[in-house]
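Remarks on the structure that follows.
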Number of protein chains: 2
Amino acid sequence: MRTVPRLQKDTVALYHALNELIRIYQFRDRDRICCHDISITQCHGLEGLVHHGPLMLNELADYLHLDKSTTSRVVDSLERKGYATRLVHPDDSRALELKATPAGIRLHQLIMDEILEEEEAVLSDLSVEVRRALPGVLRKLTQAAANRSKRPNVGCSSASAENQAIGAKK
Amino acid sequence: MRTVPRLQKDTVALYHALNELIRIYQFRDRDRICCHDISITQCHGLEGLVHHGPLMLNELADYLHLDKSTTSRVVDSLERKGYATRLVHPDDSRALELKATPAGIRLHQLIMDEILEEEEAVLSDLSVEVRRALPGVLRKLTQAAANRSKRPNVGCSSASAENQAIGAKK
DNA sequence: ATACTATAGTTGTCAGCTGCAACTATAGTA
DNA sequence: TACTATAGTTGCAGCTGACAACTATAGTAT
């Protein structure tokens with residue numbers, strides 16, 4: 001009889017904190033990334049290729065949570081800019097073997113360095129315990145959200161014609 | 001000689017956790033919100049009006065971190081759908097007094113209830129201490145990021161012509 | 001009062017991101 | 001040799017967002 005409202009309060013607080021965090025980080029990332037000849041989504045794609053080795057288009061699409069058509073265009077951009085290569089997969093002529101080029105790896109490293117330097121300044125303000133616990137907790141939140149969004153039609157019924165995208169710029 | 005690499009490791013872990021969290025939550029929010037006759041940005045705008053009373057357009061734009069022109073169009077949508085009103089400000093004929101309508105408040109409450117219910121399920125898995133600490137930590141991260149992004153040209157020099165937006169749909 | 005400047009919003013324009021549907025091509029199977 | 005499934009690509013339409021130009025009202029300095 002006391003924990004329930006407590007939990008609710010925590011939940012509301014978390015919701016707002018998360019909301020604002022996401023909004024802010026979108027902009028921070030855009031500022032950090034977009035000046036480097038690359039969009040946020042492209043950077044995420046590049047990151048996928050750098051960290052998870054050669055990928056097929058579908059795999060990259062899964063990683064990015066994007067449609068394969070959108071992903072294809074992301075790869076277009078990366079390829080055009082020389083940050084990724086699109087080769088026919090050795091084991092399956094239908095598939096692609098997407099890789100980051102040396103230039104792509106360098107660019108990714110550069111962006112990472114910049115972001116991490118900044119992040120470090122923030123993290124050094126936090127206590128060691130919190131700092132240590134944070135990634136795990138965030139992953140937990142992520143996991144929970146990911147599990148739910150896999151379910152079909154989670155809590156949705158009516159859909160409007162207008163509006164379906166997320167976005168921001170400056 | 002040992003804390004520095006430690007911090008770096010934490011930072012990298014945090015970076016990736018945050019990255020994925022943001023990506024996932026964008027989609028979760030879109031799924032939760034867009035089926036309700038409203039886009040995510042519109043929902044954020046509505047939330048601003050509901051929580052922070054009557055606002056002028058510029059204030060709402062600040063809240064949303066969006067250009068006033070974009071904000072104006074967000075308000076257009078909300079008004080058209082009957083979730084907000086746009087009146088001339090009583091103290092300044094140039095300005096607007098933006099308010100959520102009863103329908104807007106109801107819609108916002110409905111969406112909040114759905115999201116919070118889900119969030120509660122996640123939070124109840126976490127220890128009380130972590131749960132309690134989380135919003136504060138997130139706010140700290142947000143604050144730090146917000147402070148930095150206020151500075152002009154943070155770490156950026158060259159900007160490409162292509163790409164500057166964030167986005168996702170389904 | 002009369003400019004001059006600042007501020008609040010709106011609208012035109014342009015470009016990017018996305019998903020869906022349709023289509024091509026290769027694999028795998030019956 | 002069909003028939004079906006899978007990997008990608010492209011046409012298309014909608015939404016997001018910023019920037020710049022423009023209108024209108026406020027405030028300020030002659």
What's the CD1-P distance between A/Ile38 and C/dG16, to the nearest Å?
15 Å
Listed partners of B/Glu97 passing side-chain contact (heavy atoms from CB on, under 4.5 Å), at least two apart:
B/Pro54, B/Leu87, B/His89, B/Pro90, B/Lys99
Might you point out which heavy atoms bring A/Ala100 and A/Leu46 nearest each other, and give the distance in Å?
CB-CD1, 4.0 Å
Distance (rounded to the nearest 0.5 Å) between B/Thr70 OG1 and B/Leu64 CG:
10.0 Å
Side chains of B/Leu96 and B/Met56: does their closest heavy-atom pair fall under 4.5 Å?
no
Once side-chain contact (heavy atoms from CB on, under 4.5 Å) is applied, do any residues pair with B/Asn58, and if so which ones, sequence neighbours excluded?
B/Lys68
Note, DNA chain C 5' to 3' with Watson-Crick or G-U pairs under 3.5 Å encoded as ( ), [ ], | and . gives ||||||||||||||||||||||||||||||
Take atom CG of B/Leu66 and atom C1' of D/dT16, then tell me their distance rounded to the nearest Å.
9 Å
OP1 or OP2 of D/dC15 sitting under 4.0 Å from any side-chain N/O of B/Gln42?
no
Going by side-chain hydrogen bond (donor to acceptor under 3.5 Å, both in side chains), name the residues that satisfy it together with B/Tyr15, two or more places apart in sequence or in a different chain.
A/Glu47, B/Asn19
Nucleotide by nucleotide, 5' to 3', does protein get under 4.0 Å of the base (B), only the sugar-phosphate (S), or neither (-) in nucleotides 4-10 of chain C, counting heavy atoms?
--BBSBB
Distance in angstrom units between B/Leu78 CG and D/dT16 P, rounded:
11 Å
Please list, chain by chain and in numerical order, all residues satisfying side-chain hydrogen bond (donor to acceptor under 3.5 Å, both in side chains) with B/Glu117, sequence neighbours excluded.
none
Is the phosphate of D/dT16, meaning OP1 or OP2, less than 4.0 Å from a side-chain N or O of B/Thr70?
no
To check you understand the geometry: which heavy-atom pair defines the closest contact between A/Ala103 and A/Gly82, and what is its length?
CB-O, 3.8 Å
